[in-house]
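Working notes for the structure below.
The shown structure was predicted, so the numbers you read here are calculated from the model rather than taken from an experiment.
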Amino acid sequence: MVRHTQQGIMRICAALLAAASILGFSGCGEAQREAAKANAKEITLWTHSAGSEAELAADYQMINAYNKSPNRKATVKLQSFPQSSYNDSIISASSAGNLPCLVDVDQPNTPYWAWANILAPISDEALLKRANELMKSAKGTWNDKIYTVGYFDATTALFARKSVLEKNGIRIASVDHPWSKSEMDEALAKLKESGQWSYPFEIGTADNKSEWYAYAYGPILQSFGGDLINRANYQTSDGKLNGTAAKDFAHWMQNLVAKGYISSKGGSDTALDFVNNKSALLYGGIWSMSTFQQYAKDYGDIVAMPLTDFGHGSVAGGGSWTVGVTSTCTNKEAAQDYLRFSLQDKYIAAMSKAGMNIPVTSGAQQLVPQFAKGGDMQVFTQISQRYAKMRPETPAYNFISTEFRKTIGDIMNGADVDSGLDKAVNHIDGNIQGADGYTKN
């Protein structure tokens with residue numbers, strides 16, 4: 001009823017203001033201000049989690065608790081969207097000026113949404129203080145400002161069966177001692193020679209439409225000493241994506257196919273294939289564990305190890321969904337107050353447990369048995385804290401990811417390494433230059 005009254009006020013004011021432009025006066029300023037003030041007492045959070053009952057339940061747990069808080073600065077409402085259409089909904093609403101106050105954001109998209117003025121930087125001191133207590137991968141940043149914060153992290157690992165490694169004389173890697181490149185190459189050769197698997201290694205090559213290639217293979221590139229872009233200024237990929245280290249990486253990826261270690265057209269469900277023993281070694285995300293826990297009868301035999309050190313340290317993928325305040329929000333104080341409230345350990349634990357992802361504070365980790373000391377998923381916290389590197393914090397990331405995916409996909413299928421990488425660099429640098437370096441803030 002209140003909403004209809006406010007809309008009626010706005011329509012009346014719009015008509016009077018149109019007349020005022022002719023008569024030279026305005027009498028609705030106060031009514032407009034009162035209506036806007038009333039609207040600001042209710043803020044909305046948009047989430048991509050439609051269809052995920054567990055994550056939506058965690059969202060509602062936080063929101064209901066905040067709405068019952070005597071110190072709340074507004075009432076929070078939730079609207080959920082399917083993940084497949086979520087980003088399009090945000091862009092469309094931004095163009096139409098209909099964004100809510102709070103939106104969840106996949107962490108690597110934060111710089112683009114900040115550059116496009118969809119997001120406002122966090123300014124509340126209490127929230128910033130809490131943000132600095134989170135794992136680094138739980139923050140979306142651009143130009144040294146924090147725009148989004150999250151409750152959980154996802155990361156990557158090498159999965160194997162201890163019995164398979166022991167049978168083939170292969171060392172079980174640990175967080176403190178990842179495999180070296182030579183150990184990795186020897187392990188792949190032994191597993192291939194055993195004849196037990198057509199392709200002993202699975203790295204998710206079938207996922208060639210998402211950003212998996214940049215998220216998963218970018219860390220391999222970084223471990224070789226290259227990168228997707230020069231992070232000194234984020235203005236060029238030259239020398240990083242087509243330098244000597246990057247070429248070594250690309251040749252290694254190409255040889256995985258040439259030697260029959262992987263298929264360039266892998267399985268659609270890599271975790272389930274691993275459960276069914278279609279591969280001996282899986283490079284996948286933390287989410288693979290839910291499949292193992294549900295279907296693997298030999299779950300206790302499965303081990304998660306950090307990615308190989310290819311010469312410049314082991315590197316892991318990091319960063320997941322976060323939440324930020326939109327630039328058009330009329331009650332940023334309340335929006336940031338809600339975010340600060342929601343980042344209590346108990347709510348971080350609830351959200352992390354919903355998707356079985358890494359809780360981003362030490363306190364929350366102790367509230368989720370799987371991630372507490374001795375838990376079967378604590379290794380992912382250790383991998384993330386020690387080895388995770390964020391995807392490039394630039395508005396150009398999505399373009400870079402797409403270009404990298406196409407280039408590495410072609411190279412694994414036999415395309416020339418040097419010309420392929422040079423072409424990718426030219427395309428990426430052209431995109432950055434065409435956007436004036438993405439320097440607008």
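Inspection of the Thr155 and Ser384 side chains reveals no N or O donor paired with an N or O acceptor under 3.5 Å. Between the side chains of Asp153 and Ser320, no donor-acceptor pair is found at a separation under 3.5 Å. A donor-acceptor pair shorter than 3.5 Å can be found between the side chains of Asn398 and Asn109. A donor atom on one side chain and an acceptor atom on the other are not found under 3.5 Å apart for Trp115 and Asn143. For the residue pair Asp422 / Ser419, no side-chain donor-acceptor distance below 3.5 Å is found, with atom types taken as modelled. Using a 3.5 Å distance cut-off with no hydrogens or angles, the side chains of Tyr66 and Asp337 do pair a donor with an acceptor. Side chains of Tyr151 and Asn357: no donor on one and acceptor on the other come within 3.5 Å. In this structure, a donor-acceptor pair under 3.5 Å is present between the side chains of Trp46 and Gln79. Using a 3.5 Å distance cut-off with no hydrogens or angles, the side chains of Thr236 and Asp429 do pair a donor with an acceptor. Counting only N and O atoms by type, the side chains of Tyr438 and Asn431 include a donor and acceptor under 3.5 Å apart.
To the nearest 0.5 Å, atom CD of residue Gln378 and atom CD1 of residue Ile358 are 11.0 Å apart. Atom NZ of Lys265 is separated from atom OG of Ser263 by 8.0 Å, given to the nearest 0.5 angstrom. Annotation: the span from Lys373 atom NZ to Ser362 atom OG amounts to 13.5 Å, rounded to 0.5 Å. Here the CG atom belonging to Asn426 is positioned 11.0 Å from the CG atom belonging to Leu421, to the nearest 0.5 angstrom.
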(request) Using the side chain to side chain donor-acceptor pair (under 3.5 Å) rule, take Asp273 and Ser279 through it: C-alpha gap first, then chi angles, then the decisive distance, then the call. (result) CA-CA 7 Å; Asp273 284 348; Ser279 60; over 6 Å; no

(request) Give the C-alpha distance, both sets of side-chain angles, the deciding distance and a yes or no for side chain to side chain contact (heavy atoms under 4.5 Å, CB included) between Met253 and Ile408. (result) CA-CA 8 Å; Met253 295 289 287; Ile408 297 305; 4.2 Å; yes

(request) Evaluate side chain to side chain contact (heavy atoms under 4.5 Å, CB included) for Ile286 paired with Met377, printing each intermediate quantity in order. (result) CA-CA 9 Å; Ile286 184 176; Met377 296 185 71; 3.7 Å; yes

(message) Test side chain to side chain contact (heavy atoms under 4.5 Å, CB included) on Lys353 and Phe371; report intermediate values, then the result.
(response) CA-CA 10 Å; Lys353 194 169 185 177; Phe371 292 95; over 6 Å; no

(message) Applying side chain to side chain donor-acceptor pair (under 3.5 Å) to Asp238 and Asn242, what does each step give before you reach the verdict?
(response) CA-CA 6 Å; Asp238 192 35; Asn242 60 352; 3.1 Å; yes

(message) Could you go through Arg72 and Tyr338, starting from their C-alpha distance and side-chain angles, then the distance that decides it, and tell me whether this counts as side chain to side chain contact (heavy atoms under 4.5 Å, CB included)?
(response) CA-CA 8 Å; Arg72 71 182 184 278; Tyr338 168 73; over 6 Å; no

(request) Could you go through the side chain to side chain donor-acceptor pair (under 3.5 Å) check for Tyr397 and Glu211 one step at a time? (result) CA-CA 10 Å; Tyr397 171 71; Glu211 59 149 354; 2.3 Å; yes

(message) Applying salt bridge (Lys or Arg N to Asp or Glu O under 4.0 Å) to Glu202 and Lys278, what does each step give before you reach the verdict?
(response) CA-CA 9 Å; Glu202 174 61 75; Lys278 291 185 179 181; over 6 Å; no

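Between Phe159 and Tyr283, a ring centre-to-centre spacing not shorter than 6.0 Å is recorded. Phe201 has its ring centre no less than 6.0 Å from the ring centre of Tyr261. Residues Phe274 and Phe292 place their aromatic rings such that the two centres sit under 6.0 Å apart. For Trp252 and Phe310, the gap between ring centers is short of 6.0 Å. Under the 6.0 Å cut-off for aromatic ring centres, Phe404 and Tyr213 do not qualify, their centroids lying 6.0 Å or more apart.
Ion pairing of Glu183 with Arg171 is present here, as a side-chain N (NZ or NE/NH1/NH2) and a carboxylate O approach within less than 4.0 Å. Using a cut-off of 4.0 Å between Lys/Arg side-chain N and Asp/Glu carboxylate O, Arg161 and Glu166 are scored as not salt-bridged. By the 4.0 Å N-to-carboxylate-O rule, Glu133 lies close enough to Arg130 to be salt-bridged with it. Ion pairing between a basic and an acidic side chain is recognised when a charged N comes within 4.0 Å of a carboxylate O; Lys406 and Asp410 show no such pairing. Between Lys181 and Asp309 there is no salt bridge, since none of the side-chain N atoms of the basic residue sits less than 4.0 Å from a carboxylate O of the acidic one.
Side-chain contact check for Met135 versus Thr361: every heavy-atom pair is 4.5 Å or farther apart. Thr110 places a side-chain heavy atom less than 4.5 Å from the side chain of Tyr147. Side-chain contact between Val379 and Val303: absent, with no pair of heavy atoms (C-beta onward) separated by less than 4.5 Å. Put simply, the side chain of Thr44 does not reach to within 4.5 Å of the side chain of Val76, judged on heavy atoms. His251 has its side chain out of reach of Phe224: every pair of non-hydrogen atoms, C-beta onward, lies at least 4.5 Å apart. At least one side-chain heavy atom of Thr205 sits under 4.5 Å from a side-chain heavy atom of Met412. No side-chain heavy atom of Met356 sits less than 4.5 Å from a side-chain heavy atom of Ser290. Side-chain contact between Arg231 and Pro392 is present, with heavy atoms from C-beta onward closer than 4.5 Å.
Contact detail for Ala131 and Val149: the closest heavy-atom pair is CB-CG1, 3.8 Å. The nearest pair of heavy atoms linking Asn67 to Ala74 is OD1-O, 4.1 Å. Annotation for Glu393 and Tyr234: closest pair N-CE2, 3.6 Å, computed over non-hydrogen atoms. Nearest heavy atom pair, residue Ser80 against residue Leu56, reads CB-CD2, 3.8 Å. The two residues Ser237 and Ile229 have their closest heavy-atom pair at OG-CA, 3.7 Å. Of all heavy-atom pairs between Pro100 and Val103, the closest is CG-CG1, 3.8 Å.
Annotation: salt bridge (charged side-chain N to carboxylate O under 4.0 Å, His left out) contacts of Asp106 (sequence neighbours excluded): none. For Ser49, the side-chain hydrogen bond (donor to acceptor under 3.5 Å, both in side chains) criterion is met by Thr47, Glu55, not counting sequence neighbours.
The disulfide bond (SG atoms under 2.5 Å apart) contacts involving residues 299-362 comprise Cys101-Cys329, where partners must be two or more places apart or lie in separate chains.
A donor-acceptor contact shorter than 3.5 Å links the side chain of Gln344 to the backbone of Phe341. In terms of modelled atom types and a separation under 3.5 Å, the side chain of Asp124 and the main chain of Leu127 share a donor-acceptor contact.
Applying the 6.0 Å contact sphere to OH of Tyr295 captures no more than 12 heavy atoms from other residues, nucleotides or ligands. The number of heavy-atom neighbours closer than 6.0 Å to CG of Asp144, taken from other residues, nucleotides and ligands shown, is 12 or below.
For the pair Lys192 and Tyr199, the cation-pi test (distance below 6.0 Å, angle within 45°) is passed.
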